[in-house]
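Starting from 1, each residue takes its place in the sequence as its number. Every number for a ligand or one of its atoms is a count from 1 in the order of the listing.
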Amino acid sequence: MKFNTKVIHAGQHPDAGTGAIMTPIFQTSTYVQESPGKHKGYAYARGKNPTRQALEQCIASLENTQYGLCFSSGMGAIDAVIKLLKPGEEVITGSDLYGGTYRMFTKVFAPMGIRFHFIDLSDASAIAAHINAQTRLIWIETPTNPTMQIVDIAACAELARKHELILGVDNTFASPYLQNPSDLGADIVMHSVTKYLGGHSDVVMGALCTNDTNLYERLAFIHNSCGATPGPMDSFLVLRGIKTLHLRMQRHCENGERIARYLRQHAAIEKVYWPGFEDHPNHDIACKQMRGFGGMISIVLKNADMEKTFRIASSFHVFSLAESLGGVESLVNHPATMTHASIPAEERIRAGVVDNMLRLSVGVEDIDDLLADLEQALGIY
Ligand SMILES: *Cc1c(COP(=O)(O)O)cnc(C)c1O
């Protein structure tokens, strides 16, 4: 099946008992057994729930992997990946990670004895210098957040293979519509389902996908043992959201491109971060590994201090000032004080997340209304 059909059908079958075309919400914690241990494959809902199972199969199918696991949040999914490691083992990862991931790595897992190397991954060959006998995992995000750097997934996969490391890719920003890391050699693909997959800003959820049976079994064991599993209602909402993923992403990309090009010529803007620009430092890699450039754009305002940046961030009428991304509605975010507030100021600024930066998650509204809203908000300058 092609992608646009899989979003609607993968993992889903009419209900055997009733013919209901939509996967029912199996709102149950346990399942009746015929005799002890003899059941229909379902014993307790932390381990398995049919609604969640349909979603897991759907997301795995979109990522071209055999296995999928859904978690109660994106952080819950990453937490499970790091639990594959033992104290003393090491992770190589990017220096401009999602703020929550950085916080979990440095504040939760580093004190437990796992060592993290945060490096600039815009040149993947930089990884090699940090590999040693303790290295187990390379963890990357691409495009990165919020400076939209592109990391060469295939180059990372080659290094991982050569040194027998696990390569995990946080594919949240691209979504499976734009990029499939497993096709490029990634071992684990992670999503904050909260974002484009859910698509409607009404669910928090995470997912992991893999083709590796051994990794899947270890992750499934952690999933069930540690228990960050989502409920059936949320699974149903995401199954429904995914049915329009291809349509939404197409419009996110179209609107994103129009807005990126508009902002770039605007007098109030110093810099626009968007991987679709021909002169983006990793544009060629973006073209090689992505099928489009998405609707995530970061801008740096010209000559704006924190106060002026706040004033502009608060003067939108169609864009809403909020954290998160990937929903149908357009959002504006001030990374320095919102999504990236947990990163120490010095490191944040070194990563390019300056006080006069705003990040846009371009939604699927009418492009004329979005452009007019930007024009009026930047006009208060
Ligand atoms: C939101 C996000 C996460 C965390 O996911 P939650 O669902 O909020 O727990 C991880 N990585 C990226 C890139 C994100 O945008």
Side-chain angles (χ1 to χ4, degrees), residues 52 55-56 59 63 68-83 91 93-109 116 118 121 137 139-151 153 168-179 181 186 188-209 223 226-231 234-235 237-238 241-242 249 252 273 275 290 294-298 322-327 331-335 338-343 351 353 359-363:
R52 191 180 91 210
L55 175 62
E56 290 174 337
I59 295 177
E63 282 295 3
L69 288 167
C70 285
F71 289 80
S72 50
S73 69
M75 294 321 302
I78 302 174
D79 172 74
V81 174
I82 305 304
K83 284 174 178 160
V91 179
T93 189
S95 49
D96 58 352
L97 281 185
Y98 174 73
T101 305
Y102 178 83
R103 180 175 58 192
M104 184 170 72
F105 286 179
T106 54
K107 298 272 167 46
V108 179
F109 285 110
F116 296 88
F118 298 94
L121 293 173
L137 172 72
W139 184 260
I140 65 174
E141 283 175 25
T142 179
T144 68
N145 172 21
T147 55
M148 311 300 156
Q149 287 183 54
I150 302 295
V151 182
I153 299 172
V169 179
D170 181 335
N171 203 29
T172 301
F173 265 46
S175 91
Y177 179 82
L178 296 180
Q179 172 173 287
I188 298 172
V189 182
M190 176 265 164
H191 280 283
S192 169
V193 173
T194 315
K195 317 295 167 54
Y196 287 107
L197 285 172
H200 295 76
S201 308
D202 52 7
V203 173
V204 172
M205 194 188 288
L208 296 177
C209 301
H223 189 235
C226 298
T229 58
D234 283 354
S235 301
L237 285 171
V238 174
I242 287 179
M249 288 310 298
H252 283 299
Y273 292 95
M290 300 176 78
M296 294 304 300
I297 300 166
S298 293
E323 299 200 10
S324 198
L325 61 118
L331 302 181
V332 57
N333 159 54
H334 182 243
M338 294 167 66
T339 49
H340 290 63
S342 56
I343 300 176
V353 189
R359 189 190 75 184
L360 306 176
S361 172
V362 177

Practice task
Taking the six-membered ring for Trp and the full ring for Phe, Tyr or His, determine whether the centres of Tyr196 and Tyr177 are under 6.0 Å apart.
Solution key: no
**Prompt:** Any nitrogen or oxygen of Ser192, main chain or side chain, under 3.5 Å from a nitrogen or oxygen of ligand 1?
**Reply:** yes
- Message: Looking only at distances, can you tell me whether any N or O atom of Met75, backbone or side chain, sits closer than 3.5 Å to an N or O atom of ligand 1?
- Response: yes
Test side-chain contact (heavy atoms from CB on, under 4.5 Å) on Trp139 and Leu97; report intermediate values, then the result.
CA-CA 9 Å; Trp139 184 260; Leu97 281 185; 4.3 Å; yes
Candidates Glu141, Lys195, Met104, His191; heavy atom nearest atom 14 (C) of ligand 1 found on Lys195
- Any N/O of Gly74 closer than 3.5 Å to an N/O of ligand 1? yes
The closest protein heavy-atom partner of atom 7 (O) of ligand 1 is Thr194 OG1, 2.7 Å
Practice problem: May I ask you to check if Lys83 and Phe71 form a cation-pi contact, with NZ or CZ under 6.0 angstrom from the six-membered ring centre and within 45° of the axis? | Solution: no
task = Indicate yes or no: at least one non-hydrogen side-chain atom of Ile78 is less than 4.5 angstrom from one of Met190.
result = yes
Value for CG (Asp170) from CG (Leu208), rounded to nearest 0.5 Å, stands at 10.0 Å
In terms of its nearest heavy atom to atom 8 (O) of ligand 1, the top option of Tyr98, Phe71, Phe173 is Tyr98
For Asp170, the atoms of ligand 1 under 4.0 Å from one of its heavy atoms are 10 (C), 11 (N), 12 (C), 13 (C)
Within the 4.0 Å heavy-atom cut-off, what Met205 brings close to ligand 1 is backbone
- Would you say Met148 and Phe173 make side-chain contact, with heavy atoms under 4.5 Å? yes
